[in-house]
Amino acid sequence: MPGNDLKISARDLIRKTRKELLELAERLGISIENGTARTGIISALAAALREKAGTGARIVSTGRARARGAAARASTRLKDAAKSAQPDASPVSGGVIRVLDAVIQKTAEVAEKLVLGPRPPEKAPVEQEALEAAACAKAAEREPLGSETPPAPPEGAEQVVHGTGQAEAVKFSIAEKPEPQAFQQVEDLGEIPPGYGSGRFFITGRDPYWLFLYWDLAQEHIAAMKGASSDGRMWLQIHDVTGVIFDGFNARRTHEFAIPDGARNWYAHVTAPGRDFIARLGSKTDQGFVPSVVSRRVRMPPDDFSPRMDASFVTIPQDVPFSRLREVFRGGIDVSPGLAYSAAELQARGARLPFEYEGGGFAGAFAGPHGEEYRRSLAGSEEILERLRREALMNATSGSSWSGPQCGGYEPNRGE
Amino acid sequence: VKKGEEKGFVALVLHAHLPYVRHPEYQMFLEEDWFFEAVTETYIPLLDMLEGLGKDGVEYRLTMSISPTLASMMLDPLLQERYLAHLDRLIDLTGREIERTRGQPEFHELAWMYHHRLQHSRYLFEERCGRNLVSAFGALQDSGRLEIMTCAATHGFLPLMDEHPWAVRGQIMTARDHYTECFGRPPRGIWLPECAYFPGLDAYLQEAEIRYFMLDTHGLLYGEPRPRYGVYAPVFTPSGVAAFGRDTESSKQVWSSEEGYPGDYDYREFYRDVGFDLDFEYVRPYVNPDGIRKFTGVKYYRITGKTRDKQPYRRQAALEKAAVHAGNFMFNRERQVEHLHGLTGRKPILVAPYDAELFGHWWFEGPEWLNYLFRKTAYDQRTFAFTTPSEYLRDNPTQQIQRPAASSWGNKGYYEVWLEGSNSWIYPHLHMAELRMRDLAQRYAGGDGIFDRAARQAARELLLAQASDWAFIMKTGTAVNYAVKRIKDHILRFTRIYEQAIAGSVDDAWLGETEGRDNIFKNINPAYWR
């Protein structure tokens with residue numbers, strides 16, 4: 001079918017089963033002797049594909065430097081791989097080693113050409129070879145995917161990570177019958193940007209002790225803030241605004257940080273469970289702090305019991321959809337604090353509702369607030385809560401509450 | 001125990017989830033094994049066990065979440081096909097193992113066991129279920145004993161989307177719609193990814209007509225006001241959705257790597273696998289074609305002790321131990337229920353949630369343990385009954401009102417696992433994509449033609465990028481490359497779609513290919529992101 005190329009990378013070949021390889025060989029009109037080892041078939045196919053590809057071979061867009069690096073890396077890795085192969089290997093692995101040897105040699109040659117030689121007039125074939133060798137090497141070298149781990153960004157001043165060489169494989173294009181849904185293994189998607197300059201300033205209470213913030217500002221914006229500062233730096237202010245409507249001056253407490261160049265986020269150790277915060281970025285001038293970006297208001301998670309010990313109970317019938325309950329409770333009552341509160345209030349008033357209920361304040365759920373049952377339940381409640389608190393504290397301090405090897409979800413030690 | 005005579009209730013909850021891993025561009029893909037292993041070792045054994053209980057007329061109650069990504073993989077024809085090929089390779093391997101171990105009776109017997117188990121799995125998967133595990137679990141739900149919850153669409157970490165209501169809504173409404181497609185009814189409950197809660201999340205659940213969810217213990221314990229019954233009764237959140245808290249005691253007994261049952265010396269050792277133990281040339285056809293050794297699931301040793309000198313696994317002894325442990329768990333719950341009942345005069349409910357994969361995959365004998373537990377509980381005691389959250393709520397619709405506290409079940413109890421040095425770099429990208437998604441939804445949702453397709457595919461890419469699994473993997477340090485690549489690929493595909501759509505010219509062929517690649521949620525509704 002014209003315009004529909006069958007694309008097979010070297011790695012793809014290596015991933016195929018023997019049966020699939022034989023089928024492919026048949027489709028390409030290559031005769032394979034009975035009993036040929038899988039690696040033998042791969043070599044034959046690779047050779048045939050390369051031949052067929054000819055000038056039509058397409059290379060994933062990539063730079064010369066990257067190809068050179070890939071080839072050099074591949075060469076080294078392959079040598080290591082060959083070294084670790086067993087000396088008394090069976091015929092099959094002997095075949096693999098021969099293939100590896102060939103690839104090593106080829107990779108080394110290509111790398112040398114790229115490193116030593118002047119830029120050749122026709123760079124494409126050389127690059128293609130390098131890439132192809134790199135692709136083979138990668139496959140042989142047991143990497144699940146062609147992306148590399150980014151370095152772990154440092155806490156406090158972290159950079160957005162750039163991935164490396166994702167396009168180090170080669171596709172062979174052959175005018176052949178395509179498979180029903182052929183997907184390219186390497187998509188040329190580019191790289192994620194370090195930032196968007198969107199002007200956003202994010203804040204969240206990560207836990208009762210740490211605030212996390214990041215900003216996505218245009219370079220000019222940051223430069224302007226720095227320029228306006230008497231010390232040439234951008235400043236971060238974190239305000240404890242618990243119980244106040246913040247007007248810029250009435251924070252209960254303010255933490256201040258000079259932000260190092262290049263930092264895009266910040267972890268602030270405030271140790272303030274249940275308290276509210278607002279953060280601002282700006283400049284420090286002789287007249288004081290001049291804010292330029294203001295965050296939303298966030299509340300830190302609590303790490304202990306609420307001081308509130310009242311309890312109100314409500315009946316919420318489970319067979320009535322919320323959409324219907326919203327209509328029922330909207331009758332003459334403000335639903336903004338939440339459906340459950342509205343329902344409790346109606347039930348406390350003894351309102352007529354289209355379902356039975358016993359909720360509405362504390363009395364509804366029990367024999368009565370002064371009865372024996374009530375006193376017993378309250379004492380029991382204290383005992384339960386104390387015990388649960390001890391357990392929760394133990395879990396929090398042991399730091400291992402639910403992360404044993406049994407619950408990771410992903411196997412550690414996967415084939416390394 | 002007769003209904004009404006029990007002194008309390010226990011709700012076992014299994015959370016079944018895997019990230020969406022499907023790579024049509026490769027013949028075989030290592031990370032797809034996560035799914036295959038879980039099917040063989042957990043989902044099929046659970047299904048088999050539950051069907052057995054049903055056949056024997058045992059009254060049990062079990063609650064299980066099946067995340068929309070896991071359900072989608074179960075329903076995907078390509079993965080079904082690949083799973084069968086995977087099973088066939090293992091059946092072939094165990095056939096060879098039967099030959100190889102002829103002179104070693106203790107292994108030989110096990111080789112036969114695996115061979116039979118795998119053939120049985122094949123029969124169940126292919127013949128009995130017609131490859132459709134979702135329908136099989138759905139049928140169990142229809143029988144009234146199993147309750148299936150949904151989860152957020154791709155297991156997104158919801159507290160870190162709280163600034164963008166439409167992003168939270170997209171995760172939840174997409175999950176609800178998908179559940180309804182899968183099981184023929186809307187979900188009553190949801191497993192919040194990582195049990196992660198932020199105040200206000202309950203309102204989105206109300207919008208989706210979801211009636212309950214689970215929190216870790218401190219989510220209820222530190223809520224406002226104090227919960228009168230600790231975690232032994234649910235609360236109604238302000239929106240009217242019920243929240244159940246985890247019972248630490250029963251969780252720990254099963255889950256803890258040290259004190260828990262799964263570490264017993266008679267149980268099977270997870271890390272000794274023929275994929276790593278045997279001669280490479282011998283196992284080569286059964287491990288990765290490019291030569292990575294991997295787990296095959298054929299394991300011959302028991303935990304033995306804190307030693308490297310592992311002894312052969314003895315199946316009978318392990319099963320007997322599972323029965324003993326089931327009895328122990330039941331006994332402890334009886335005592336706990338009696339104690340709590342005495343303290344408050346009310347019938348407590350103990351909610352014990354676990355990762356489903358603990359049963360079978362990590363703890364090989366886990367499904368048998370559950371089997372014994374359900375049977376013993378039905379016949380050997382009169383103190384408690386198993387229940388599901390919705391059954392409990394139907395019978396007990398009056399509860400305390402509370403605002404639960406921000407929390408998760410991750411290490412240290414809050415958001416740190418998913419927001420720290422290794423993974424915080426992803427959030428500016430995710431948040432930007434969330435903003436752009438709203439833009440796309442406002443412009444194109446509900447239209448037709450290629451722009452509507454673009455908006456739908458953009459929503460898929462955003463959802464796939466949001467999976468909490470990627471941040472988790474980066475934190476734990478295994479398969480990090482893969483997680484990084486997945487986030488980047490989805491963000492980049494999303495960005496390309498966004499830019500093309502905004503520029504008014506969408507590359508039809510490329511969009512088509514991307515739809516085939518990331519083919520989850522066929523009927524996704526981008527209007528949720530408006």
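Chain naming here is simple, since letters A, B, ... match the order of the sequence lines and numbering starts at 1 in each. Keep in mind that the numbers below use all heavy atoms, side chains included, and drop hydrogens, waters and symmetry copies.
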Whether B:E224 and B:R403 form a salt bridge (side-chain N of Lys/Arg under 4.0 Å from carboxylate O of Asp/Glu) is what I want to check. no
Of A:I384, A:I316, A:D216, A:D207, the largest count of non-hydrogen pairs under 4.5 angstrom with chain B goes to A:I316
Bottom line for A:Y196: the part with an atom under 4.5 Å from chain B's heavy atoms is side chain
Donor on one side chain, acceptor on other, B:Y197 and B:D202, under 3.5 Å
yes
Exercise for the section: Give me the ring orientation class for B:W362 and B:Y271: parallel if the planes are under 30° apart, tilted from 30 to 60°, perpendicular past 60°. Expected result: tilted
Note: vs chain A, highest number of non-hydrogen pairs under 4.5 angstrom among B:A483, B:S239, B:G275 is B:S239
If you tally heavy-atom pairs under 4.5 Å between each of A:A340, A:P317, A:P301 and chain B, the highest tally belongs to A:A340
Highest number of heavy-atom pairs under 4.5 Å with chain B among A:G205, A:P273, A:P208, A:S198 belongs to A:P208
Okay, B:D162 and chain A: the region with an atom under 4.5 Å from a heavy atom over there is both
- Query: So, B:E249 and A:R387, do they make that salt bridge, N to O below 4.0 Å?
  - Reply: yes
Checklist line | Polar contact flag, side-chain donor to acceptor under 3.5 angstrom, B:H17-B:D469 | finding: yes
Note: vs chain A, highest number of non-hydrogen pairs under 4.5 angstrom among B:E163, B:R394, B:R188 is B:E163
Cut-off 4.5 Å, heavy atoms of chain A, and the answer for B:R436 is side chain
Check whether NZ of the Lys or CZ of the Arg B:R346 lies under 6.0 Å from the centre of the six-membered ring of B:Y229 and within 45 degrees of that ring's axis.
yes
Ranked by heavy-atom pairs below 4.5 Å to chain B, first place among A:R389, A:E382, A:M300, A:R296 goes to A:R296
Interface check, chain B: of A:V298, A:T204, A:D310, most non-hydrogen pairs under 4.5 Å belong to A:D310
Whatever's closer than 4.5 Å to a heavy atom in chain A on B:V287 counts as neither
Turns out that what part of B:I491 lies under 4.5 Å from chain A's heavy atoms comes down to side chain
Using distance alone, with no hydrogens and no angle criterion, decide if A:D303 and B:Y414 have a side-chain donor and acceptor under 3.5 Å apart. no
Side chains of B:Y232 and B:D247: is there a donor and an acceptor less than 3.5 Å apart? yes
Counting only heavy atoms not in A:R200, do more than 12 sit closer than 6.0 Å to its CZ atom?
yes
Honestly, the part of B:P227 sitting under 4.5 Å from a heavy atom of chain A is both
Max heavy-atom pairs within cutoff under 4.5 Å with chain A, candidates B:H218, B:M432, B:R211, B:Q399, goes to B:R211
The interface call for B:L78 against chain A, heavy-atom contacts under 4.5 Å, is neither
The interface call for A:F305 against chain B, heavy-atom contacts under 4.5 Å, is both
Query raised in the report: Is the shortest distance from a Lys or Arg side-chain nitrogen in A:E391 or B:K252 to a carboxylate oxygen in the other one below 4.0 Å?
Result: no
Cut-off 4.5 Å, heavy atoms of chain A, and the answer for B:S390 is neither
